[in-house]
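Since the structure comes first, as structure tokens, the remarks are kept for the end.
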Amino acid sequence: MPAIYAKAPGKIILFGEHAVVYAQPAIAMPVSKVYATTRVIPEVTGSKNQVHIKAPDIQLDVDLADLDREHPFAVTIQQVLNAVNLDHLPSLTLLISSTIPIAAGMGSSAAITIATIRALTDFLGKPLTAGETSSLAFEVEKIHHGTPSGIDNYVIAHQKPVFFTHGKPIEHLEIQLPTHWVIADTGEKTSTKDTVADVRKLQALAPETYHPIFEQIGQIAFNARQALIAGNTDLLGQLMGENQRLLEQLTVSSPKLGELISAALAAGAVGAKLSGGGRGGNVIALAPTQNTQSIESALLEAGATRVITTTLSKGEK
Ligand code: MEV
């Protein structure tokens, strides 16, 4: 039996992070320049039912039997077994790797889970739909992120730009005019679990202050939806600025994020904001044209550890 290989992209949130946890809408898109891959290598000579997991990026090289049952990889495998009605896997090695920066708000955990679900279900001859894959990955996201909204697993499993509201029908955006984005990593690792938990504490202490902020962010995402479809960069830029100021009120920005945002705006970006959980991770900047070079250079000069460009267009998958 040949090895089976599956892939899943990274993602960025364009509008609405954090508020989306409180049932407000948010917009996200896949970023296919970075991705997670999982290879299933069948072990024909190995001992019976031995599953080995190798994830060199996180220095993991372990038998499934020795992994804590609550470990995200163990839960991913259990989710797959439940979905396909099996009680164990045949002997195999899972080789997992990713070019998505870890703990940077680009969906690395969801992409790794989804690549693994895809590889295993293809290997077992029982491929799942994008919706089924997303639902399984959501269970694993709860381990990584505590109380996730589900937007990361959804956008990565469907590989389409989405207007997402937890618990409501999800809209796949039909883009008419392209927009060009620069994603810049602060190099500061961030834990989405911690930032989401901190915002949860704040809103529990002072709901009268924080719920209106969530609502304003939701309104921004709502207004951004049409602007994004129509490629209205001026309006998008303005909405990004408003979204960033509200994220600052949620205490999830950081001095480094602020510096990169200022650098992008000074270099001609029409808008810039943090993307994902915040307090580190990535900034996204919207470029006025396809030529993103001056914004990329300014971000690197301001200390970004990596920049990635991506275009949101009709053909974006
Ligand atoms: C994570 O990419 C975005 C957050 O809104 C958390 C979530 O939606 O689960 C911060």
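Throughout, numbering of the chain's residues begins at 1 and tracks the sequence. Numbering of ligands and ligand atoms starts at 1, following listing order.
Here is the list of ligand 1 atoms found below 4.0 Å of a heavy atom in Glu17: 5 (O). Set against the non-hydrogen atoms of Pro148, the atoms of ligand 1 under 4.0 Å away are 9 (O). Counting the atoms of ligand 1 from 1 in the order shown, those under 4.0 Å from a heavy atom of Lys11 are 2 (O). Listed by number with element, the atoms of ligand 1 under 4.0 angstrom from any heavy atom of Ile151 are 8 (O). Below 4.0 Å from some heavy atom of Val20 lie the following atoms of ligand 1, by number and element: 5 (O), 8 (O). Taking every non-hydrogen atom of Asp152 and a distance limit under 4.0 Å, the qualifying atoms of ligand 1 come out as 1 (C), 2 (O).
Across Val80, Val75, Leu81, a single residue satisfies side chain to side chain contact (heavy atoms under 4.5 Å, CB included) together with Ile77, and that is Leu81. Asp185 pairs with exactly one of Leu299, Asn282, Val307 by the side chain to side chain contact (heavy atoms under 4.5 Å, CB included) rule, that one being Asn282. Under the side-chain hydrogen bond (donor to acceptor under 3.5 Å, both in side chains) test applied with Thr93, the options His52, Lys54, Glu43, Arg39 reduce to a single match, Glu43.
Two rings, from His18 and Tyr210, have their centers 6.0 Å or more apart.
At a heavy-atom distance under 4.0 Å, only side-chain atoms of Ile13, from C-beta outward, approach ligand 1. The proximity of Thr147 to ligand 1, defined as any non-hydrogen pair under 4.0 Å, does not occur for either the backbone or the side chain. By the criterion of a heavy-atom distance under 4.0 Å, neither the backbone nor the side chain of Glu141 is placed next to ligand 1.
The single protein non-hydrogen atom nearest to atom 5 (O) of ligand 1 is His18 N, 2.8 Å, given as residue, atom name and distance. At the shortest separation from atom 9 (O) of ligand 1 among protein heavy atoms lies Ser149 N, 2.8 Å.
Between the side chain of Ser108 and the main chain of Ile100, no donor-acceptor pair closer than 3.5 Å is present. Side chain of Lys11 to backbone of Ala28: no donor-acceptor contact under 3.5 angstrom is found.
The shortest separation from a heavy atom of His145 to ligand 1 is not under 4.0 Å, leaving the residue out of contact.
Shortest non-hydrogen contact noted between Ala264 and Ile295 is CB-CG2, 4.2 Å.
When only modelled atom types and interatomic distance are considered, His166 and Ser149 share no side-chain donor-acceptor pair under 3.5 Å.
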